[in-house]
Undergrad: 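Dumping the structure here so I can ask a few things about it.
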Amino acid sequence: MLKKLFSKSKKGKHSLEVEESLVNNECLPSHIAIIMDGNGRWAKKRAMPRIAGHHEGMQTVRRIARIADDVGIKVLTLYAFSTENWKRPKSEVEYLMSLPQMFLNSFMPELMERNIRVEMIGDKDGLPTNTKTALNEAIEKTKNNTGLILNFAMNYGSRAEIVKAMKDIMVEVNNGNLTLDHVDEKTINQFLLTSSLPEPDLLIRTSGEVRLSNFMLWQLAYTEFWFTDILWPDFNKDTFMEAIQAYQQRNRRYGGLKGE
Ligand code: IPE
Ligand code: IPE
Ligand code: MG
């Protein structure tokens with residue numbers, strides 16, 4: 001790991017600093033998922049409009065993606081917009097939908113330099129054209145990159161994802177491509193939007209809310225959870241490293257007696 005961080009120092013100049021604050025370089029979480037919450041309250045505290053909080057939250061995404069890359073995390077999934085967030089005022093939804101374009105355009109050179117691959121989970125077809133195009137372009141441009149996978153959960157809802165997987169499985173069974181006896185946990189995994197990704201090892205939620213809000217209900221079955229009162233725009237390297245350190249001190253037993 002030390003070697004890896006040294007060799008990456010051209011791209012991540014904070015590598016050594018980051019490495020020093022790790023408890024143990026060997027048991028890093030491969031996949032970190034974050035419910036980025038608290039943008040609205042961050043803005044409210046400053047008497048600013050909610051969208052100012054979302055703009056600031058976007059800067060945090062940039063910073064945390066860099067650190068995740070420097071540390072050597074393999075997948076960073078960021079919950080950016082839920083299937084329930086359409087309930088918000090039209091102007092706020094419109095702003096949130098403009099963020100991928102804004103973010104991906106300005107961050108693209110660095111994403112390429114860092115060898116980061118952009119991915120998304122969620123109902124892409126339900127997104128406005130501009131948002132969809134921005135995501136598609138970023139996914140296409142970065143598809144051969146082999147470093148960190150920066151996976152945005154956009155118009156994502158875990159229940160909708162499970163419903164779709166069930167329907168797709170039923171179609172395969174009806175077509176005779178799959179028999180009922182062969183439907184097991186592995187089959188369900190293959191039909192979820194996360195089929196190509198490992199399950200999250202660590203889930204972080206900011207802003208003091210202690211709930212999942214329809215996020216990765218199936219995939220989080222054995223994930224370690226870490227909650228903080230810090231609002232997403234204030235989330236920084238220290239908080240991120242604190243979460244990783246907490247993870248490294250956990251004893252993952254998966255129902256067994258490992259580590260006893
Ligand atoms: C998270 O911040 C961003 C999205 C859900 C899109 P919020 O907008 O939920 O901020 P709060 O929870 O109102 O503070
Ligand atoms: C969860 O946050 C969704 C995202 C972070 C994108 P919300 O702010 O929408 O969740 P609730 O409404 O507080 O449960
Ligand atoms: Mg919220």
Side-chain angles (χ1 to χ4, degrees), residues 31-65 68 75-104 107 118-128 130-132 134-135 138 149-163 192-194 197 200 202-220 223-236 239-240 243:
H31 183 174
I32 300 181
I34 309 184
I35 304 177
M36 311 182 287
D37 201 9
N39 293 351
R41 278 163 282 171
W42 183 92
K44 195 174 176 200
K45 266 173 50 182
R46 287 161 180 77
M48 288 156 97
R50 290 180 57 84
I51 59 167
H54 295 315
H55 188 268
E56 198 57 32
M58 185 178 72
Q59 311 308 327
T60 307
V61 169
R62 213 184 289 261
R63 287 195 296 269
I64 298 305
V75 187
L76 180 67
T77 294
L78 300 174
Y79 200 11
F81 192 91
S82 77
T83 46
E84 286 73 34
N85 287 144
W86 297 106
K87 292 175 193 162
R88 296 188 179 196
K90 193 165 167 269
S91 57
E92 182 173 345
V93 169
E94 274 173 10
Y95 187 78
L96 287 166
M97 288 298 152
S98 74
L99 286 180
Q101 195 174 12
M102 214 190 294
F103 172 83
L104 292 166
F107 204 31
V118 175
E119 276 295 343
M120 92 148 254
I121 50 170
D123 176 13
K124 208 193 270 171
D125 290 335
L127 294 171
N130 283 353
T131 318
K132 197 159 97 174
L135 283 161
I149 297 176
L150 182 58
N151 180 36
F152 290 97
M154 192 81 196
N155 195 18
Y156 174 85
S158 184
R159 288 181 175 176
E161 177 190 29
I162 292 171
V163 169
L192 293 173
L193 300 168
T194 48
L197 302 173
L202 170 64
L203 171 84
I204 298 171
R205 183 167 187 154
T206 57
S207 89
E209 308 301 347
V210 189
R211 56 177 169 260
L212 291 179
S213 304
N214 201 12
F215 187 55
M216 290 188 142
L217 304 178
W218 170 279
Q219 296 87 340
L220 296 174
T223 301
E224 297 294 327
F225 288 11
W226 192 81
F227 297 98
T228 174
D229 286 341
I230 290 173
L231 305 172
W232 178 248
D234 292 328
F235 191 82
N236 59 25
T239 343
F240 191 56

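Both counts, for ligands and for their atoms, begin at 1 and track the order of listing.
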Undergrad: As an exercise, state the distance from CG of Leu150 to CD of Glu119, rounded to the nearest 0.5 Å.
TA: 10.0 Å
Undergrad: Any carboxylate oxygen within less than 4.0 angstrom of a Lys/Arg side-chain nitrogen, looking at Glu209 and Arg41?
TA: yes
Undergrad: Restricting to non-hydrogen atoms, name the atom on Thr239 and the atom on Asp234 that form the minimum distance, rounded to 0.1 Å.
TA: OG1-O, 4.5 Å
Undergrad: For His54, take its heavy atoms, then give the atoms of ligand 1 lying under 4.0 Å from any of them.
TA: 3 (C), 8 (O)
Undergrad: Is the side chain of Tyr156 donor-acceptor paired with the backbone N or O of Glu161 at a distance under 3.5 Å, no angle test?
TA: no
Undergrad: Out of Met120, Met154, Met36, which residue meets the side-chain contact (heavy atoms from CB on, under 4.5 Å) rule with Leu78?
TA: Met36
Undergrad: Could you verify whether a donor N or O on one side chain and an acceptor N or O on the other, from Arg205 and Thr228, lie under 3.5 Å apart?
TA: no
Undergrad: Ignoring hydrogens and angles, tell me if any N or O in the side chain of Ser158 forms a donor-acceptor pair with the backbone of Phe215 under 3.5 Å.
TA: no
Undergrad: Under a 4.0 Å heavy-atom cut-off, which residues neighbour ligand 2?
TA: Ile35, Met36, Asp37, Tyr79, Ala80, Phe81, Ser82, Asn85, Arg88, Arg205, Arg211, Ser213
Undergrad: Identify which protein N/O/S atoms are less than 2.8 Å from the Mg ion (ligand 3).
TA: Asp37 OD1
Undergrad: So Phe235 and Trp232, would you call those rings parallel, tilted or perpendicular, with 30° and 60° as cut-offs?
TA: parallel
Undergrad: Please report the closest heavy-atom contact between Trp86 and Pro128, naming both atoms and the distance.
TA: CH2-CD, 4.3 Å
Undergrad: For Glu84 and Asn214, does a side-chain donor sit closer than 3.5 Å to a side-chain acceptor?
TA: yes
